[in-house]
Amino acid sequence: PQIIMADAAEASSFVCSVCLQNVPLVDKVIMPCCGKDSSTVQHCRRCLETIVQNGIQSSIGRCPACRAYFVMQGGLPVTQASVPRQCMMCCQIKEIADPNRELCSTCMLGAEFSFRYECDRCHRVQNIPHPMWLYQPTPSTFTGASWACHRGCDDYTKWRIVQEDLERVPLEHAPEAWGMREKWLAAIREQREREATEGQKE
């Protein structure tokens, strides 16, 4: 009988890949970007809500598996249509990540995070309203992409984010090569554990 009960419990729950907790199947959410009902990587509704609450303008999160941008509508994750349209900032035809401001993902990050960068030629520091950190192979190397230096070069040069601002780059928006995914998910996991602890005290 005990074995049967255990099997029944397993059949009615799953392990969320973010919080690593056994969660009732009713709270299982399949991501529209990369999820499948048979997938071994599964997420619970509360973890996805937490990711969104910690995201851009507390409304746009990134998929824990493929890092696609999504919003929550009616308790379910919704990704933007894959049909490209014009970004209101760069005016290029791209997939829109921020539906409210009609911004592509790059312009959305630039609008939210304006950091200081060091020029690889004159080594002076300049504030750049564009997510240049995305083009850094590692946190300490210069970008592969260029941006105009207005501090002394008067030319397009390579850049790297200054150390003080590096610490402000949100973990979920760090380049995949930086290896920050697990650190990001661990932070979400810790937040969920705090919520559970506080809920038990009430």
Side-chain angles (χ1 to χ4, degrees), residues 13-115 129-137 145 168-193 195:
S13 66
F14 72 100
V15 176
C16 172
S17 66
V18 178
C19 65
L20 305 180
Q21 297 297 314
N22 277 309
V23 181
L25 274 178
V26 67
D27 291 322
K28 173 183 172 180
V29 177
I30 299 175
M31 293 299 293
C33 44
C34 64
K36 294 180 180 179
D37 192 45
S38 59
S39 175
T40 56
V41 178
Q42 302 174 335
H43 312 100
C44 73
R45 189 184 318 277
R46 184 60 196 137
C47 279
L48 295 178
E49 290 173 344
T50 301
I51 288 172
V52 166
Q53 289 165 3
N54 291 341
I56 301 292
Q57 297 193 333
S58 300
S59 63
I60 302 173
R62 300 196 76 166
C63 172
C66 71
R67 304 216 311 168
Y69 290 96
F70 73 97
V71 298
M72 295 294 285
Q73 294 181 359
L76 296 173
V78 176
T79 53
Q80 297 306 303
S82 59
V83 179
R85 56 185 188 272
Q86 188 177 52
C87 170
M88 296 300 291
M89 184 173 291
C90 67
C91 297
Q92 297 184 38
I93 303 299
K94 296 183 177 180
E95 291 188 8
I96 300 300
D98 186 337
N100 294 325
R101 295 180 291 181
E102 290 288 318
L103 300 178
C104 67
S105 60
T106 305
C107 288
M108 176 183 69
L109 291 178
E112 291 294 316
F113 309 106
S114 182
F115 295 140
H130 186 81
M132 295 298 289
W133 79 84
L134 295 177
Y135 314 116
Q136 292 183 221
R168 295 169 50 210
V169 174
L171 296 174
E172 66 269 33
H173 299 302
E176 195 70 25
W178 290 14
M180 296 294 184
R181 182 194 293 266
E182 184 49 42
K183 190 174 181 180
W184 165 45
L185 296 180
I188 297 296
R189 195 174 301 129
E190 289 175 7
Q191 182 175 341
R192 295 279 285 109
E193 289 173 355
E195 290 175 355

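Every value quoted in this text rests on a predicted model; they were computed, and no experiment measured them.
Aromatic ring pairs are classed by plane angle as parallel below 30°, tilted from 30° to 60° and perpendicular above 60°; the pair F113 and W133 is perpendicular.
If you take CG on N100 and CE on M88, they are separated by 13.0 Å, rounding to the nearest 0.5 Å. The line from SG of C87 to CD1 of I96 is 5.5 Å long, rounded to the nearest 0.5 Å. To the nearest 0.5 Å, atom OG of residue S17 and atom NE2 of residue H43 are 3.5 Å apart. Here the CG atom belonging to D98 is positioned 8.0 Å from the CD1 atom belonging to I56, to the nearest 0.5 angstrom. Summarising the geometry, atom CE belonging to M72 is positioned 9.5 Å from atom OG1 belonging to T50; distances are rounded to the nearest 0.5 Å. Atoms CG and CD, from L76 and E49 in turn, are 9.5 Å apart once rounded to the nearest 0.5 Å.
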List the steps and the verdict of salt bridge (charged side-chain N to carboxylate O under 4.0 Å, His left out) for E182 and R189.
CA-CA 10 Å; E182 184 49 42; R189 195 174 301 129; 3.3 Å; yes
Run the side chain to side chain contact (heavy atoms under 4.5 Å, CB included) test on H130 and Y135 for me, step by step, so that the C-alpha distance in whole Å, both residues' side-chain angles and the decisive distance to 0.1 Å come before the verdict.
CA-CA 11 Å; H130 186 81; Y135 314 116; 3.1 Å; yes
Candidate pair E112 and Q57, rule side chain to side chain contact (heavy atoms under 4.5 Å, CB included), full reasoning:
CA-CA 8 Å; E112 291 294 316; Q57 297 193 333; 3.5 Å; yes
Just list the side-chain donor-acceptor pairs under 3.5 Å for residues 21-36, sequence neighbours left out, or say none.
{"residue": "K28", "atom": "NZ", "partner": "D37", "partner atom": "O", "Å": "3.2"}
{"residue": "K28", "atom": "NZ", "partner": "D37", "partner atom": "OD1", "Å": "3.2"}

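When atom types are taken as modelled, the side chain of R181 and the backbone of A174 share no donor-acceptor pair closer than 3.5 angstrom. Without hydrogens or angle criteria, R45 side chain to P77 main chain gives no donor-acceptor distance under 3.5 Å.
In this structure, the side chains of P64 and I51 come closer than 4.5 Å at one or more pairs of heavy atoms.
Note on R67 versus E172: no salt bridge recorded, every NZ/NE/NH1/NH2 to OD/OE distance being 4.0 Å or above.
Between the side chains of N54 and Q191, a donor-acceptor pair is found at a separation under 3.5 Å.
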